[in-house]
There are 2 protein chains.
Amino acid sequence: MAQPAMVESRERSDRDELLRDVMDRIGDKWSVTVICRLDDGPLRFNALRRAVKGITQRMLSTTVRRLERDGLISRTVEPTVPPRVEYALTERGRSLHGILAELVAWTEANLDEIRRDREEYDAAASSQAEQ
Amino acid sequence: MAQPAMVESRERSDRDELLRDVMDRIGDKWSVTVICRLDDGPLRFNALRRAVKGITQRMLSTTVRRLERDGLISRTVEPTVPPRVEYALTERGRSLHGILAELVAWTEANLDEIRRDREEYDAAASSQAEQ
DNA sequence: CGGAATCCCTCTTGATACTG
DNA sequence: CAGTATCAAGAGGGATTCCG
């Protein structure tokens, strides 16, 4: 039999850096929302802007460029005047969205209790501060 | 038949805010790594500090306090001298780790290609800047 | 329409030193 | 051992303006 070490080639700390590389990308304020919106279908710049409530032009521009750089979304320009630019999830982006959808489901299932725990924690902390 | 709207009670924009609430928590620099380390078993403060390479005392302290506030990890103090404080994942923390593990797997499967795409993207961008 | 450039401010993080 | 306090630096993000 082969040693487990041959299959388990990555150390834990390597996985840490790996995961952080992706978390740094999708952990910003807007990336996950943009991915979720585009999972419903391709959108042009201003339509996407309207779909992602609260985002500024600058941040949408920055976010889609970074996602395109990582091959998670595609950017298609029709050279008309004025130009039409369409953004869509790539296959890689769709596969990532599948996992994010699980995170959404987990959040919906847990967030109410988490918020209660937060209040409880804050109440306990502030009552202790009064001592 | 019941309207789909009765089941689909949350709007997309509500889910956006929901998900961001959790992403804001685990999207910071250290939370995910701490959760992954504690999934291997409970650890005391300095052991956890050694397990999470590169973290400072201050950031570990801040991170575990926030994770405890959300009920993702537990903090147990043995009132000895000097004190022993043990951190462990809660049931909720373990269930979240299950999803993070999928994210780790996705990252391991995709990161090499992502990094290649990044280089390609940057090379194309810089060659265009020379024009 | 779909951006880029600039300014500015806040929040996160890190370094360091101190403590029960 | 397990933290807290203080300070400084840097990145992320918002508002505004300009452009092809």
Side-chain angles (χ1 to χ4, degrees), chain A residues 16-17 20-34 37-38 42-70 73-88 121 125-126 128-129 131, chain B residues 16-17 20-21 23-34 37-38 42-70 73-88 121 124-126 128-129 131:
Chain A
D16 288 350
E17 292 176 34
R20 180 139 62 226
D21 195 317
V22 167
M23 288 301 293
D24 283 348
R25 168 97 347 278
I26 66 171
D28 62 17
K29 189 170 179 180
W30 300 108
S31 289
V32 169
T33 307
V34 168
R37 282 297 141 282
L38 288 179
L43 287 173
R44 287 168 57 190
F45 188 85
N46 279 324
L48 184 55
R49 177 156 152 51
R50 283 186 294 271
V52 180
K53 290 189 65 171
I55 197 170
T56 62
Q57 274 184 334
R58 191 179 98 86
M59 288 316 299
L60 180 55
S61 176
T62 304
T63 302
V64 292
R65 205 182 323 122
R66 288 199 281 226
L67 292 174
E68 187 201 359
R69 180 172 179 261
D70 282 3
I73 69 177
S74 62
R75 180 176 180 275
T76 311
V77 184
E78 292 180 48
T80 57
V81 180
R84 292 166 160 266
V85 181
E86 194 169 81
Y87 295 94
Y121 184 97
S126 67
Q128 206 170 30
Q131 304 277 342
Chain B
D16 288 350
E17 291 176 34
R20 181 138 64 225
D21 195 317
M23 287 302 293
D24 283 347
R25 168 92 350 277
I26 66 170
D28 63 17
K29 189 170 179 180
W30 300 108
S31 289
V32 168
T33 308
V34 168
R37 281 298 141 282
L38 288 179
L43 287 173
R44 289 169 54 189
F45 187 86
N46 279 324
L48 184 55
R49 177 157 152 51
R50 284 186 293 272
V52 181
K53 289 189 68 171
I55 197 170
T56 62
Q57 271 183 333
R58 192 180 98 85
M59 288 315 300
L60 180 56
S61 176
T62 304
T63 301
V64 292
R65 205 181 322 123
R66 289 200 281 226
L67 292 173
E68 187 201 0
R69 180 172 179 261
D70 282 2
I73 69 177
S74 63
R75 179 175 180 276
T76 310
V77 184
E78 292 180 47
T80 57
V81 180
R84 292 165 161 265
V85 181
E86 194 169 82
Y87 294 94
Y121 184 97
S126 67
Q128 207 171 28
Q131 305 276 343

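Numbered from 1 within each chain, the chains take letters A, B, ... in sequence-line order.
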Tabulated below should be each protein N or O lying under 3.5 Å from an N or O of nucleotides 9-11 of chain D; please produce it.
none

For Val85(B) and Thr76(B), run side chain to side chain contact (heavy atoms under 4.5 Å, CB included): C-alpha distance rounded to whole Å, both residues' side-chain angles, the deciding distance at 0.1 Å, then the answer.
CA-CA 6 Å; Val85(B) 181; Thr76(B) 310; over 6 Å; no

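- Considering only side-chain N and O atoms, Arg50(B) lies nowhere under 4.0 angstrom from the phosphate OP1 or OP2 of dA2(D).
- Using a 4.0 Å cut-off between a side-chain N of Lys or Arg and a carboxylate O of Asp or Glu, Arg37(A) and Asp16(B) qualify as a salt bridge.
- The distance from atom CD of Glu68(B) to atom CG of Asp70(B), rounded to the nearest 0.5 Å, is 10.5 Å.
- If you take CG of Leu43(B) and P of dA2(D), they are 11 Å apart, rounded to a whole angstrom.
- For Arg66(B), there are no side chain to side chain donor-acceptor pair (under 3.5 Å) partners, not counting sequence neighbours.
- Residues forming a side chain to side chain donor-acceptor pair (under 3.5 Å) with Asp21(B) (at least two apart in sequence, or on another chain): Arg115(A), Arg118(A).
- Minimum heavy-atom separation, Ile26(B) to Ser31(B): CA-CB, 4.0 Å.
- Rounding to the nearest 0.5 Å gives a distance of 11.5 Å between OG of Ser74(B) and CG of Leu67(B).
- Atom CG of Asp24(B) and atom CG of Asp28(A) lie 10.5 Å apart (nearest 0.5 Å).
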Walk me through whether Arg20(B) and Val32(A) qualify under side chain to side chain contact (heavy atoms under 4.5 Å, CB included).
CA-CA 8 Å; Arg20(B) 181 138 64 225; Val32(A) 169; over 6 Å; no

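- When the side-chain nitrogen and oxygen atoms of Tyr87(B) are compared with OP1 and OP2 of dG3(D), one or more of them lie within a distance under 4.0 Å.
- A rotation axis mapping the C1' atoms of four pairs onto the next four is fitted at both ends of the helix from dC1(C)-dG20(D) to dG20(C)-dC1(D) over five pairs, and the angle between these axes is 50° to 10 degrees.
- Residues passing the side chain to side chain donor-acceptor pair (under 3.5 Å) test with Thr62(A): none are found, sequence neighbours excluded.
- Taking the 5' to 3' direction, DNA chain C first and last meets chain B under 4.0 angstrom from a heavy atom at dT13(C) to dG20(C).
- Applying the side-chain hydrogen bond (donor to acceptor under 3.5 Å, both in side chains) definition to pairs two or more places apart or across chains, those involving residues 78-87 of chain B are Arg75(B)-Tyr87(B).
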Please list, for nucleotides 13-20 of chain D, all pairs of protein and nucleotide N/O atoms separated by less than 3.5 Å.
unit_1, atom_1, unit_2, atom_2, d
dG13(D), OP1, Lys29(A), N, 2.8
dG13(D), N7, Arg58(A), NH2, 2.6
dG14(D), OP1, Lys29(A), NZ, 2.7
dG14(D), OP2, Trp30(A), NE1, 3.3
dG14(D), N7, Arg58(A), NE, 3.4
dG14(D), O6, Arg58(A), NE, 3.2
dG14(D), O6, Arg58(A), NH2, 3.2
dA15(D), N6, Arg58(A), NE, 3.3

Please output the side-chain donor-acceptor pairs of residues 44-56 of chain B that fall under 3.5 Å, not counting sequence neighbours, one pair per line with the distance.
unit_1, atom_1, unit_2, atom_2, d
Arg49(B), NH1, Ile55(B), O, 2.9
Thr56(B), OG1, Met59(B), N, 3.2

